[in-house]
Amino acid sequence: MSHPALIVAKFGGTSVADYEAMNRSADIVLSRSDVKVVVLSASAGVTNLLVSLSEVQSEETRQALLHDLGRIQYAIVDRLQAATVIRAEIARIIENIAQLSIRASESPSAELTDEMVSHGELLSTLLFTEILRERKVSAQWFDVRRVMKTNNNFGRAEPDLAQLTDLSRTQLLPLVAESLVITQGFIGCEENGLTTTLGRGGSDYTAALLGEALQAQRIDIWTDVPGIYTTDPRVVPEAVRIDEITFEEAAEMATFGAKVLHPATLLPAVRNDIPVFVGSSKAPEVGGTLVDNQTCHQPLFRAVTLRRRQTLLTLHSLNMLHARGFLAEVFAILARHNISVDLITTSEVSIALTLDTTGSTSAKGSLLTQGLLTELSSLCRVEVEEGLSLVALIGNRLEEARGVGKEVFGVLNPFNLRMICYGASSHNLCFLMPESEAEDAVRCLHRHLFR
Ligand code: ADP
Ligand code: ASP
Ligand code: MG
């Protein structure tokens, strides 16, 4: 049973970038009385600064980064009327960040990075709550780590859904009945009480998880574009908004690189059939995209997505020929190294696969450790290719329609395609290509297939 009037609204980094943006987002919250839980990202740029602060070695650079961080946060504090208490609180947090940065430079760890980056969301939620209070709104700041229990996969932790549901009902729901609740996206807490994060862009996922736990009637994602477009409007300005889209199509878009939604966002929504709205906090009046179970129109071609920084691993072995169990051995090695395979194609004597590198908090994020390469090399010859992008054409019943191959590959004739996946999903056809050509390929596909 869904709650008759409970919307979880999430505001991304640009929607809480500064005092004006926070006030625009506050206007949206206050004009929609069903919004009861507000999930915030860190102010734009802050998570990147914090990631750098967890990796920096030189004292001079550390001070420069801390200065940049302070500039973003104090510019908001300076606009508040009664700033004394909150100023002291922000100063205390920034001092804590400085100490953590020194500790991280002495002994870096994924735990420390997560602890460090979590401060971005802690800061933005404290400031936003203060803005609401100054506007005489009854709002409570809530530490999401009280309910968002995760495993200890730092940098990309997975939530414990059973605990989240129980704790949300006992700890969060009673507060929701009293006043507006402001909480953090992206962060969680493992069983020993250490802070974790859900992976870059994870605030969308937090909003959807809380929506699920509270049985919300809708999840609103407020960002810097007025909806989900036929492709990234930054790459193709002619892209058009999709007013309604199914969960399957939107999930496929998110998985294949449409940054507007974190890849896991739609999982909780689908499980509970909760519609997701995507709109721009800069222009709420222009509407947005509704992601739902069904739509009136499901076109053959829906969107084009682009995912950068892909690694292609090609494994060659003559032992594969008519052999059994080779793939099982490869997958066992990858699993031992905690790697999930993304795309795969095989021939008689080789396998080409891409690694799922999306989302981890660490900027260094390469999954290809020497240990993994050594183990794989004991089995086969390994080739690693970087500098690739994945382009995906998202649509409906792509495997049934005639002429799709001719139409799509005809358009792509001038490009060098490295690996093609078609047939496993009726919603996508995707291929790897050199990063330098990928944006052109997206523009070309969009121009020909979305007129
Ligand atoms: P937020 O900080 O609000 O979470 P993001 O930067 O993560 O915002 O996501 C919004 C961005 O997603 C847009 O600015 C846009 O460039 C990008 N994007 C990529 N693909 C799409 C798409 N198909 N439709 C809309 N936006 C897209
Ligand atoms: N602040 C985090 C990030 O920049 C989470 C988010 O914005 O969703 O990745
Ligand atoms: Mg985002």
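First listed ligand is number 1; within each ligand, the first listed atom is number 1. This one's a predicted model, so the numbers in the text were calculated from it and none came from an experiment.
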Find all atoms of ligand 1 within a distance of less than 4.0 Å from any non-hydrogen atom belonging to [X], and give their numbers and elements.
X      : answer
Gly13  : 2 (O)
Thr223 : 1 (P), 3 (O), 8 (O), 9 (O), 10 (C)
Ala258 : 20 (N)
Ile228 : 24 (N)
Lys259 : 5 (P), 6 (O), 7 (O), 9 (O), 12 (O), 19 (C), 20 (N)
Asp224 : 10 (C), 11 (C), 13 (C), 14 (O)

- Task: Answer yes or no: does atom CD of Gln63 have more than 12 heavy-atom neighbours from other residues, nucleotides or ligands under 6.0 Å?
- Result: yes
- In chain-and-number order, ligand 2 lies under 4.0 Å from a heavy atom of each of Ser41, Ala42, Thr47, Glu121, Phe186, Arg200, Gly201, Gly202, Ser203
- Point-to-point distance, once rounded to the nearest 0.5 Å, from CG of Leu198 to NE2 of His262: 7.0 Å
- Can you measure from CD (Glu121) to OG1 (Thr47) and round to the nearest 0.5 angstrom? 5.0 Å
Side chain, backbone, both or neither: which applies to [X] and ligand 1 if a contact is any heavy-atom pair less than 4.0 Å apart?
X      : answer
Lys10  : side chain
Asp232 : both
Pro233 : side chain
Thr305 : neither

Should the pair [X]-[Y] be classified as a salt bridge under the 4.0 Å nitrogen-to-oxygen rule?
X      : Y      : answer
Glu59  : Arg62  : yes
Glu95  : Arg92  : no
Lys149 : Asp166 : no
Lys282 : Asp224 : no
Glu238 : Arg447 : no
Arg443 : Glu439 : yes
Asp68  : Arg71  : yes

- Considering only heavy atoms from C-beta outward, does the side chain of Asp273 approach that of Asp292 to under 4.5 Å? yes
- Asp204-ligand 1 polar pair, N/O distance under 3.5 Å: no
- Task: Indicate yes or no: does an N/O atom of Met253 lie under 3.5 Å from an N/O atom of ligand 1?
- Result: no
Just to check, does [X] reach to within less than 4.0 Å of ligand 1 when the distance is taken from its heavy atoms?
X      : result
Ala303 : no
Arg241 : no
Ala44  : no

Which residue and non-hydrogen atom of the protein lie closest to [atom], and at what distance in Å?
atom                    : result
atom 12 (O) of ligand 1 : Val260 N, 3.3 Å
atom 24 (N) of ligand 1 : Tyr229 N, 2.9 Å
atom 25 (C) of ligand 1 : Gly227 O, 3.5 Å

- Message: side-chain hydrogen bond (donor to acceptor under 3.5 Å, both in side chains) for Asn428 and Arg302? Distances and angles first, verdict last.
- Response: CA-CA 10 Å; Asn428 92 65; Arg302 179 61 101 175; over 6 Å; no
- Parallel, tilted or perpendicular, as decided by the 30° and 60° cut-offs, for the rings of Phe301 and Phe450: tilted
- Scan side-chain atoms only and decide if Glu249 and Asn396 contain a donor-acceptor pair under the 3.5 Å cut-off. yes
- Message: Could you tell me if Gln184 and Thr125 have a donor-acceptor pair between their side chains, going purely by distance under 3.5 Å?
- Response: yes
